[in-house]
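Okay, structure first, notes after.
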Amino acid sequence: MSTASFPEGFVWGVSTSAFQIEGATSADGRGPSIWDTFSADRAEACDHYHRYPEDVRLMKDLGMAAYRFSVSWGRVFPEGRGKPNQAGLDFYDRLVDEVLGAGITPYATLYHWDLPQALEDLGGWPSRDTAYHFADYAAALHEKLGDRVDTWFTLNEPWVAAFLGYGSGIHAPGRTSASDAFKSAHHMLLAHGLATRALRSAGARQVGTVLNISPVLTPAQVSDFTRELSDEDAEVVARIDALANRQFLEPMLRGAYPAELLPIIERSAGLGHVHDGDLEIIAQPLDLLGVNYYTPLVVQAQPSEPADPAFPGSEGVLFCTIPTAVTAMGWPIVPDCLSLLLRRLSREYPDLDLLITENGADFVDVVTGNGIHDTDRISFIEEHLRALRAAVADGARVRGYLVWTLLDNLEWTDGYQRKFGIVHVDFATQRRRLKDSALWYRDVIRRNGLAETRRKRPTLETVAARSGVSRATVSRVVNGESSVSQEVRAAVLRAVSELGYVPNAAARSLVTQRTNAIALVLSVPRQGGDALTAAVVQYVTSLLEGAGKQITLMLADTAESHRRIVQHVESRLADGVVLLPPDRADTLTERLSRTGVPLVLLGKPAIASMVPYVDVDHTGGAAAATQHLLALGRRRIGMICGPMDLVAVQDRLAGHRTALQRAGLRPHLAIADDLTRASGAAAARRLLGDDPALDAVFAATDQLAIGALQAARETGRRVPEDLAVVGFDDVDAASATTPGLTTVRVPVADQALALARLLLSRLEGRHTTSVVLPARLVVRESA
Ligand code: FCB
């Protein structure tokens, strides 16, 4: 078979990390790490501490050339410093011998996020001393392993360790301080410099570090990298790139922080922690940069957006959800961003060698009788390898590729539910089983390349024809059912292997009764509300299609259509249903929920039900809008409500009322018959007629608010001087009115993503609860 080959000597391997696989957390004198303290899951992980010979054998069988593992600092120094723990050192000694014995080159990472708890108790990474303890630890480890380990990586993804550990607090040690996050980042950089110097003077052959570098793009650029940006978007993209990527790249490789970052750091943390001479220490020459790539960062300018705690200094930046295929983590799959990234690094740092130290994906694996056919993972890796190869062809200096990861493991805060391994682990028995992706990767390694053309998947029909049986029989065999005779089974399996057939959802569905079809049921949207519905439908459809589902759109507008829809679902022509429930109380939700087919709703239904839904916080959003008007000193506030049978309108009114009550004020309402601008204008005129001194209007939707702006103009009121106006929804038109409309943003894409995820979890039979997303105030000129 012709292959799309990689350069000779291209290094193929896998990466793992200590805390995620080793287990044995209290064995042989290991000291606890911040992750032992922080993690809610038991940390037996894959018991690799005891089972490493088996794991190394697996790597050997798969033909790996390199194995990147990390060392648990607390196994080597239980207190993080002082006297080393001989038993801990001995474990890594045995591991390295085992790896070398299998003909695999070991790459050691010194810090993959598991700081000894004793050092956290002394101040953790915000304390400068930690950097010096790290260098001592690096030297001690090199003394033990340096005769056999040639390649050393100081840190893994310091951005994550500093900003998720000390900024947003979603990772260990769970602190939430922008100042601590920036100090941690600097001390990690210093630790890297000091350790690199120590390793080099001890004779280490190759020293590098590992960064998670994410291309930063706007939503429009995701499909067209060359897309020109507005000045506002360009500034936002550059700022996030500085925070996420250049904060680490430039001190390490150029000896300076990016200029635009310094004022941000200074504002949050001062600059007292950056000592004279630090940057020279940090900028040690590097032999190799490890690049971890999973997904891009997608942002756009949004002036009223508050900073994300993981990116202190990101005021005015909206982190966007994009309608692409995603992994089970919800991470958009954009392989071309890997080429983009490699081309950029090769252009900016032409002398630097690169290694992909992590790339891989979490997907829901279906474990069948004859294996784990993780075709999604195979295509993920294959597409990324094609992107990598394209960059190499353009001259990017990439030495190799390491898959994340060998084993299903303990994925930090997400625990064991995430499946990144190419080897399946049954955590009850610790049994390892190769997934199809492992076997496929073995073949890639063997031929040092990919098949020239993407494999045309042989179908169920081809296998049935080749083995002379029906499709249903083939399906039974690949699903491991016992009702098939030995001979037929053998014939089918022969055909499967000759054709290289990978069973897919269709094959599974014949036996599992799965159709892979999802019914997306729309009730007729109210006039004015259809733009939102259309956007959500578009996003939900593309997300579910990205997850391999087929969408059937069904309109629920008449009693007859309701009957047809219920019948369709009852006959199991859909695996799941997404319903945009009607505004008025009706029985469709209830009838669909009785079919037993997983059902999720967009929006809280009019009649309370047990069916989980995704909605936004209408009450909180309306309260925030009203408080905003109060804070501007407005006291004579009127509200334009829409038709009162709309659940969202009821909630928006409730939020408005509560905020007024707190300020000792009473509501002053006008009801619009529908959601059109004309009705909004009429309602505003009524409010102004009742109270000519009215100084603010809060409208239940943007369309109604735009009507109110019209009425203000007609009655000679200046907005906002005489009359402040606030809407709700942040429809496209809201930013185009004069003056721009202050409103409450309903996150459309996030709702769609949450809805798609909710449905996928229900399809997997997981317990699910409703999701209510925050609605944020977007301040423009009208108030
Ligand atoms: C990277 C980490 C690794 C694993 C993968 C999914 O950020 O380095 O430990 O969690 O993500």
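Values below: all heavy atoms of this structure, side chains included; hydrogens, waters and symmetry mates excluded. Every number for a ligand or one of its atoms is a count from 1 in the order of the listing. Each residue takes its place number in the sequence, starting with 1.
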Apply ring-ring contact (aromatic ring centres under 6.0 Å, His included) to residues Y111 and Y137 and explain how you reach the verdict.
CA-CA 10 Å; Y111 187 70; Y137 150 61; 8.3 Å; no
Once you round to the nearest 0.5 Å, how far does OG1 of T327 lie from CG of D376?
10.0 Å
Show which atoms of ligand 1 fall inside a sub-4.0 Å distance from at least one heavy-atom site of W412.
3 (C), 4 (C), 9 (O), 10 (O)
Mind checking whether S17 has an N or O less than 3.5 Å away from an N or O of ligand 1?
no
Do we see a donor-acceptor contact under 3.5 Å between the side chains of S15 and R68?
yes
Considering only non-hydrogen protein atoms, determine which one is nearest to atom 2 (C) of ligand 1 and report residue, atom name and distance to 0.1 Å.
E358 OE1, 3.3 Å
N/O separation below 3.5 Å, N156 to ligand 1:
yes
So, applying ring pair (Phe, Tyr, Trp, His ring centres under 6.0 Å) with H171, which one of Y166, W159, F163, W113 is it?
W113
Here the atoms of ligand 1 under 4.0 Å from any heavy atom belonging to H112 are 2 (C), 3 (C), 8 (O), 9 (O)
F420 heavy atoms, cut-off 4.0 Å: which ligand 1 atoms fall inside?
6 (C)
Tell me, please, which residues at least two apart from R343 pass salt bridge (Lys or Arg N to Asp or Glu O under 4.0 Å).
D394
Distance filter under 4.0 Å to Q20 heavy atoms, resulting ligand 1 atoms:
3 (C), 9 (O), 10 (O)
State whether a side-chain donor-acceptor pair under 3.5 Å links D28 with Y49.
yes
Contact between ligand 1 and R418 is defined here as a heavy atom of the residue under 4.0 Å from a ligand atom; is it met?
no
Between F19, W404, Y294, flag the one that comes closest to atom 11 (O) of ligand 1 by a heavy atom.
Y294
Establish, for the pair R42 and Y416, whether the NZ or CZ atom is under 6.0 angstrom from the six-membered ring centre and no further than 45 degrees off its axis.
yes
If you scan protein heavy atoms around atom 7 (O) of ligand 1, the nearest is E157 OE1, 2.6 Å
